[in-house]
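First up is the structure itself, then whatever we jot down about it.
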Protein chains: 2
Amino acid sequence: MNSATGIVAVATEAGVSVSTVSQVLSGKRPVSAATRSRVEAAIEKLNYRPHPGARSLRSQRTESVALIVPDITNPFYPLVAVGIQDILMPQGYLLSVNDVALPSRTVSETLRHVLARRVDGIVLTTYGCTPADLELIAQSGTQVVALGQDIGVSGSDYVDVDEAAGIGSVVEHLLGNGFRRIAFVGGEREDFTSSLRHSGYREALLSAGLGVDDELSVFTSFTRDGGAAGARRLLELDTLPDAIVCANDLIAIGVIDALRARGISIPGTVAVTGYDDIEAAGLITPALTTVDNPAREIGRTSARLLLDRLNGSVDNVTRHVRLSQHLVIRESSTVVPH
Amino acid sequence: MNSATGIVAVATEAGVSVSTVSQVLSGKRPVSAATRSRVEAAIEKLNYRPHPGARSLRSQRTESVALIVPDITNPFYPLVAVGIQDILMPQGYLLSVNDVALPSRTVSETLRHVLARRVDGIVLTTYGCTPADLELIAQSGTQVVALGQDIGVSGSDYVDVDEAAGIGSVVEHLLGNGFRRIAFVGGEREDFTSSLRHSGYREALLSAGLGVDDELSVFTSFTRDGGAAGARRLLELDTLPDAIVCANDLIAIGVIDALRARGISIPGTVAVTGYDDIEAAGLITPALTTVDNPAREIGRTSARLLLDRLNGSVDNVTRHVRLSQHLVIRESSTVVPH
DNA sequence: CTCCTCACGCATAACGTTTTGCGTCGCCTC
DNA sequence: GAGGCGACGCAAAACGTTATGCGTGAGGAG
């Protein structure tokens with residue numbers, strides 16, 4: 001019914017040897033034009049497609065790449081995924097998207113899962129990655145491109161944006177608009193991205209000659225619910241902040257939920273800012289001031305770095321690409337208080 | 001450095017034959033406890049992991065499934081993806097997510113790509129699927145679960161929601177609120193989902209005893225920009241509609257963009273409704289009346305259907321699961337006009 | 001005419017599994 | 001003590017590729 005057996009069927013049909021068919025396919029050895037066309041005719045006639053399993057058995061490559069993300073439901077990550085596809089799919093690679101946030105799944109499990117499948121490369125969101133995981137990666141020999149930080153595995157590249165500068169520009173913008181008591185709601189406390197954004201916040205305040213009140217920093221999770229929980233903690237303070245800088249847009253949206261539930265006007269009483277510039281940031285009321293995070297370009301760049309490695313054209317230095325971003329000013333921070 | 005050669009290394013290490021190791025792994029034949037533990041020790045010691053390529057060479061299965069979606073950037077689809085992962089990942093399957101909307105990519109190409117990789121099954125969004133594509137699927141013998149419509153391939157299942165009823169409930173709600181001149185903005189004209197939602201709209205009007213004015217139906221694409229374009233066409237009419245029913249939330253958001261750009265108040269002058277209940281629907285101002293579309297459950301269901309097939313426990317009837325949904329009433333439709 | 005050199009094609013040996021038909025051994029039954 | 005039977009383990013044959021070392025003509029150089 002369907003595609004006939006394999007390369008030997010093609011060889012028989014074309015009256016040549018198996019190796020010749022293989023050579024026609026790979027082009028690694030010269031084949032006369034006449035033979036080539038006989039083989040091609042046979043391939044066409046039998047509707048032959050090479051068996052990727054057999055191929056990978058020989059070559060020890062699977063022509064597939066895994067993307068590991070903390071939460072594909074965060075609209076930032078699908079964009080990363082399409083960026084990767086932009087580059088990888090034309091080369092015949094298959095991209096598998098693996099979401100860690102499935103019920104009670106961990107990075108280690110997910111990593112084991114994709115390593116067991118012998119993917120050629122991994123684009124890894126570092127969130128939740130333990131030293132044991134890095135050890136696993138290192139000894140597996142699989143190529144990895146990290147998103148957001150250097151994972152310190154030899155021969156692995158990473159791509160990031162200047163998080164501290166990004167958050168810094170948000171804080172400066174708020175200061176410029178007269179906000180002074182500026183709070184911060186981060187993601188998971190141990191998360192690297194979260195702490196980068198937190199230091200950016202601290203440094204911006206310090207370099208403006210202001211003090212940093214630790215009471216004004218809370219950590220939660222990179223989700224809408226997390227943001228709401230964080231905001232409620234800030235609302236217990238004796239004196240409210242007049243602005244809340246959030247580590248991503250989802251958190252900011254949650255913060256807005258919580259403030260609004262308390263009847264607090266935004267930005268009249270408290271300004272709120274986000275990070276990533278997901279689509280919802282422009283839709284919510286008030287529209288969210290945020291930092292655009294070039295997700296698709298991050299995906300493309302990481303795929304290119306990975307591809308270089310897979311083609312073996314890189315020595316084992318660690319390469320680092322830093323993409324640029326810019327502040328997006330919207331309503332949630334524009335009104336000057338009092 | 002890394003995981004040693006293969007099953008024969010394990011066999012040697014444990015002092016047994018290759019087949020015995022295989023039997024320990026698969027459990028398809030009894031193995032004495034003593035032997036089993038020697039083998040397990042060897043596996044542990046050598047950090048052995050079976051080679052999936054070799055395995056699939058024998059078994060003719062890849063333990064992988066492809067999801068083909070029109071646009072992963074539409075927040076509906078990532079949810080479908082995690083739903084599929086919920087079911088498939090625990091079984092050791094790898095899910096590859098394939099976005100058709102990459103620059104100038106077609107369903108046929110994407111299909112060929114995943115079929116060439118010999119995936120065991122495909123979860124297919126029918127959007128943009130030609131008869132030739134279906135032919136390709138049928139003769140490949142790959143298991144397919146379709147989303148949204150029966151693709152008519154023997155032995156393929158599909159899962160959908162009652163689109164017509166969903167849109168119908170929107171229209172009834174609008175009629176109940178006094179809206180009378182109700183327009184419709186669809187996705188691509190030839191898209192099946194789009195036309196289902198369109199018929200739902202027509203039928204609801206007819207069964208309420210109202211006429212259907214074809215001038216009030218426009219088709220565009222399932223995106224925000226598409227929605228804006230559609231709205232602009234409606235705005236050229238001599239008399240404005242007083243409500244616009246959109247085929248999905250993205251379109252509705254675009255419609256709101258366009259209306260707002262013309263200074264038209266929503267829902268005061270024109271009400272707008274969406275479909276899917278993506279997160280942004282609750283965030284935009286005015287919050288969007290819409291129909292919740294159980295994306296994650298759609299993913300889970302389709303994965304279960306696929307798994308049944310892959311386990312061979314189904315004869316070749318076409319199974320159909322219809323999931324339920326409900327109207328979500330928000331501000332964009334609640335004000336009664338005049 | 002002989003020898004060398006290409007250009008082309010072939011046979012064969014991996015690659016790492018799973019499956020299946022056969023031993024072999026020990027023990028039970030009569 | 002003979003026969004039978006279970007339980008366990010092994011060898012070998014696939015599965016479909018790609019890489020590699022050789023063979024064989026044809027044609028050119030001497």
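Below, read A as the first sequence line, B as the second, and so on, with proteins coming before strands; counting in each chain starts at 1. Values reported hereafter were calculated over all heavy atoms of this structure, with side chains retained and with hydrogens, waters and symmetry mates removed.
- A donor-acceptor contact shorter than 3.5 Å is absent between the side chain of B:Asp315 and the backbone of B:Val317.
- Rounded to an integer number of Å, the gap from NE2 of A:His51 to P of C:dC15 is 19 Å.
- Taking only distance into account, the side chain of A:Arg36 never meets the base of C:dG9 through a donor-acceptor pair shorter than 3.5 Å.
- Each of B:Ser17 and B:Ala54 lies near DNA chain D, and the nucleotide nearest B:Ser17 is the one positioned closer to the 5' end.
- Residue B:Gln23 places none of its side-chain N or O atoms closer than 4.0 Å to OP1 or OP2 of C:dT19.
- Taking atom CD on A:Gln60 and atom P on D:dT17, their separation rounds to 17 Å, with Å as the unit.
- Contact annotation: B:Thr20 side-chain N/O to D:dC10 OP1/OP2 distance is under 4.0 Å.
- Taking both residues in full, the closest heavy atoms of B:Asp71 and B:Asp99 are given as CA-OD1, 3.7 Å, listed atom of the first, atom of the second, then distance.
- Nearest to the side chain of A:Val16, among C:dG9, C:dC10, D:dC10, sits C:dC10.
- Between the CD atom of A:Glu63 and the P atom of D:dT18 there is a distance of 11 Å, given to the nearest Å.
- Contact annotation for A:Ser32: backbone-only contact, meaning every heavy-atom pair under 4.0 Å involves sugar-phosphate atoms and none involves a base.
- The distance from the OG atom of B:Ser17 to the CD1 atom of B:Ile7 is 9.0 Å, given to the nearest 0.5 Å.
- For the atom pair CZ of B:Phe222 and CG of B:Asn74, the computed distance is 9.0 Å after rounding to the nearest 0.5 Å.
- The only option from A:Asp157, A:Thr142, A:Asp120 that meets the side-chain hydrogen bond (donor to acceptor under 3.5 Å, both in side chains) definition with A:Arg309 turns out to be A:Asp157.
- Within 4.0 Å (heavy atoms only), B:Val18 reaches at least one base atom of the nucleic acid.
- Applying the 4.0 Å criterion to OP1 and OP2 of C:dA11, one finds that A:Ser19 has every side-chain N and O outside that range.
- Here D:dA11 presents its C1' atom at 14 Å from CD1 of B:Ile7, a figure rounded to the nearest Å.
- Atom-to-atom, CG of B:Leu57 to P of C:dT18 comes out at 11 Å; the value is rounded to the nearest Å.
- Picking from C:dT20, D:dC8, C:dG9 the nucleotide with the shortest atom distance to the side chain of B:Arg29 gives C:dT20.
- Checking the phosphate oxygens (OP1, OP2) of D:dT18, no side-chain nitrogen or oxygen of A:Lys28 falls inside 4.0 Å.
- One N or O donor and one acceptor, one from the side chain of A:Arg58 and one from the base of C:dA14, sit under 3.5 Å apart.
- For C:dT18, one of the phosphate oxygens OP1 or OP2 lies less than 4.0 angstrom from a side-chain nitrogen or oxygen of B:Arg55.
- At whole-Å resolution of the value, CZ in B:Arg61 and C1' in D:dG16 are 18 Å apart.
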